[in-house]
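Report on the structure given below.
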2 protein chains.
Amino acid sequence: MNISLNKNGHIPLYFQIQEYFRKKIENNLLKPGTQLPTERELSNKLNVSRVTIRKAIRGLIAEGLCEKKVGKGIFVSDEKIPINVHKLEGTTNILQASADKIKTVVNEKKIIQAKKKYANLLNIDINDKIFYLKRIRYIKDIPVILEYAHLPSKLFPELEKYDFNQSLYKILKEKYNTYPDKSRGFFNLIMAKEEEAKLLNLQLNTPLLIKAATIYSQEGIPIEYTKSVYRTDQFNFLVNSKIIE
Amino acid sequence: MNISLNKNGHIPLYFQIQEYFRKKIENNLLKPGTQLPTERELSNKLNVSRVTIRKAIRGLIAEGLCEKKVGKGIFVSDEKIPINVHKLEGTTNILQASADKIKTVVNEKKIIQAKKKYANLLNIDINDKIFYLKRIRYIKDIPVILEYAHLPSKLFPELEKYDFNQSLYKILKEKYNTYPDKSRGFFNLIMAKEEEAKLLNLQLNTPLLIKAATIYSQEGIPIEYTKSVYRTDQFNFLVNSKIIE
DNA sequence: AAGTGGTCTAGACCACTGT
DNA sequence: CAGTGGTCTAGACCACTTT
């Protein structure tokens with residue numbers, strides 16, 4: 001490691017350090033899994049304070065190039081998994097195509113009152129019931145996606161009786177003869193709050209991608225409002241689009 | 001302002017402060033444009049160090065809830081503009097639909113050698129020429145999108161002669177009878193490097209959304225490789241999808 | 001017990017903004 | 001000029017992991 005820091009130029013020290021490692025990693029000179037020097041080692045070797053080192057590493061973490069493990073150290077991340085957020089197949093299918101050792105864990109499953117927000121989104125009455133499902137997707141036993149599903153109970157009676165470690169859409173198709181067809185929603189960047197940090201096993205304020213959408217059946221009826229939280233350090237988000245409307 | 005900080009609990013101080021302001025802003029109790037207390041004021045009032053205040057504000061900035069202006073202070077951001085990254089119309093049309101006072105500035109315009117990467121993406125020869133266009137999109141005189149376009153010169157001879165303060169796709173349609181039809185690519189989170197920070201007038205390491213895609217004509221020929229960098233604090237990214245493949 | 005990253009403090013100097 | 005955020009230092013203590 002031979003970083004030559006320019007302490008008098010206009011480029012911040014932390015940025016020079018960050019870029020040094022970023023280029024090393026992107027050029028595959030530091031391979032996935034490799035441990036970086038510890039914060040204190042870097043601080044000593046480069047003669048900068050630990051705060052400055054931490055600021056440099058923070059940028060690498062946010063881009064998903066590195067990850068920190070408390071008590072262990074800093075490591076170069078694995079390559080990202082391509083995931084097609086646009087395609088309307090269920091997450092189960094998407095993950096099966098590109099990742100191995102996937103697992104789905106049901107975190108919560110219950111019937112709730114619709115309330116105003118979800119009644120609007122699903123075009124149902126405020127007093128209607130909603131089937132609520134919170135699931136966590138794992139790849140190699142690492143939690144990577146958080147999924148919140150809301151479905152109108154009147155469309156899917158007794159939905160709560162099924163096992164949701166498998167595809168939700170598969171159940172909708174096989175048991176209710178309902179086929180997801182269109183989706184309308186948005187995505188954006190959020191920072192991990194307590195809930196996401198806990199369930200995805202991340203530090204607070206880790207950047208995440210959130211996608212929220214209403215799913216429509218072939219008849220144009222809203223059948224689901226879904227919110228998904230993706231770890232940006234794990235995925236490349238694919239988009240295939242076509243002029244259709 | 002009456003924040004009650006729990007200095008002994010397990011929730012970090014910076015996070016308590018961040019969440020206090022986040023809730024205030026999301027509940028519209030702090031309106032866009034409002035100035036927050038300065039870092040030093042907050043530090044004094046809350047009896048925490050300035051470093052801790054800065055860490056709290058950092059999370060709000062990353063989510064686009066606040067912005068900092070050096071020499072001025074910290075301000076609550078305006079609401080985000082919805083932008084459909086998926087739809088295949090040009091950025092010009094997208095922005096016209098939802099924002100006012102938009103402006104496009106050509107930053108670079110030249111013919112370059114294809115090289116391996118772009119030759120592959122556009123399915124042309126390494127020795128072919130490429131028309132390269134770098135543009136910056138403004139809303140209310142604020143730079144919000146950075147666009148890099150690469151088009152095969154042999155498909156669009158003399159393209160460099162046109163004025164690109166208007167829609168690129170309009171020129172392709174009107175002058176070359178070529179219609180963009182499909183797109184294939186990905187998006188992800190990046191942190192602002194020197195180039196993005198300079199051109200978008202942001203601090204280093206501001207989180208940004210990057211979208212890269214190859215655009216195909218109705219005949220299935222690659223006509224453009226495009227890379228766009230969006231300010232996440234300015235946009236909500238819309239997605240409309242349909243099962244088509 | 002030793003080492004890791006996570007949090008936090010109390011300072012300091014800089015470049016930029018407004019008056 | 002005074003005030004702002006941006007950068008940086010040299011410490012300290014904590015919870016967690018490994019030996």
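All heavy atoms count here, side chains included; hydrogens, waters and symmetry mates do not. Each chain gets a letter, A, B and so on, in the order the sequences are listed, and its residues count up from 1.
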Original post:
Between dC8(D), dG5(D), dG5(C), which one does the side chain of K68(B) approach most closely?
Top reply: dG5(D)
Subject >> R54(A) side chain, from C-beta outward: closest of dT9(D), dT7(C), dT9(C) >> reply: dT7(C)
Name the atoms and distances for all side-chain donor-acceptor pairs under 3.5 Å in residues 8-15 of chain B, with sequence neighbours left out.
none

**OP:** Assign N8(B) to base, sugar-phosphate, or nothing according to its heavy-atom contacts below 4.0 angstrom with the strands shown.
**Re:** nothing
Subject >> Base versus backbone protein contacts along nucleotides 13-19 of chain C [heavy-atom cut-off under 4.0 Å; B, S, -] >> reply: ---BSS-
Side-chain donor-acceptor contacts of residues 201-208 of chain A below 3.5 Å, not counting sequence neighbours, with atom names and distances?
residue	atom	partner	partner atom	Å
N205(A)	OD1	Q18(B)	NE2	2.9
N205(A)	ND2	Q18(B)	OE1	2.8
T206(A)	OG1	Q203(A)	O	2.7

In chain order, what residues pass the salt bridge (Lys or Arg N to Asp or Glu O under 4.0 Å) check against [X], with sequence neighbours excluded?
X       : result
K110(A) : E108(A)
E195(A) : K134(A)
K109(A) : none

**OP:** Specify the residue among V51(A) and K69(A) whose closest nucleotide of DNA chain C lies further upstream toward the 5′ end.
**Re:** K69(A)
**OP:** Please determine if a side-chain N or O atom of T38(B) lies less than 4.0 Å away from the OP1 or OP2 oxygen of dT4(D).
**Re:** yes
Original post:
Are any of the side-chain nitrogens in R22(B) or E26(B) under 4.0 Å away from the carboxylate oxygens of its partner?
Top reply: yes
Original post:
Of all residues at least two apart in sequence or in a different chain, which pass the side chain to side chain donor-acceptor pair (under 3.5 Å) check with E63(B)?
Top reply: K193(A)
Subject >> First encountered from the 5' end of DNA chain D, between L13(A) and E41(B) >> reply: E41(B)
Sequence neighbours left out, cut at 3.5 Å: what donor-acceptor pairs do the side chains of residues 52-61 of chain A make with other protein atoms?
residue	atom	partner	partner atom	Å
T52(A)	OG1	S49(A)	OG	3.3
R54(A)	NH1	E39(A)	OE1	3.4
R54(A)	NH1	E39(A)	OE2	3.0

**OP:** Identify, residue by residue, the members of residues 194-206 of chain B with a heavy atom below 4.0 Å from DNA chain C, and return them in order of residue number, or none.
**Re:** none
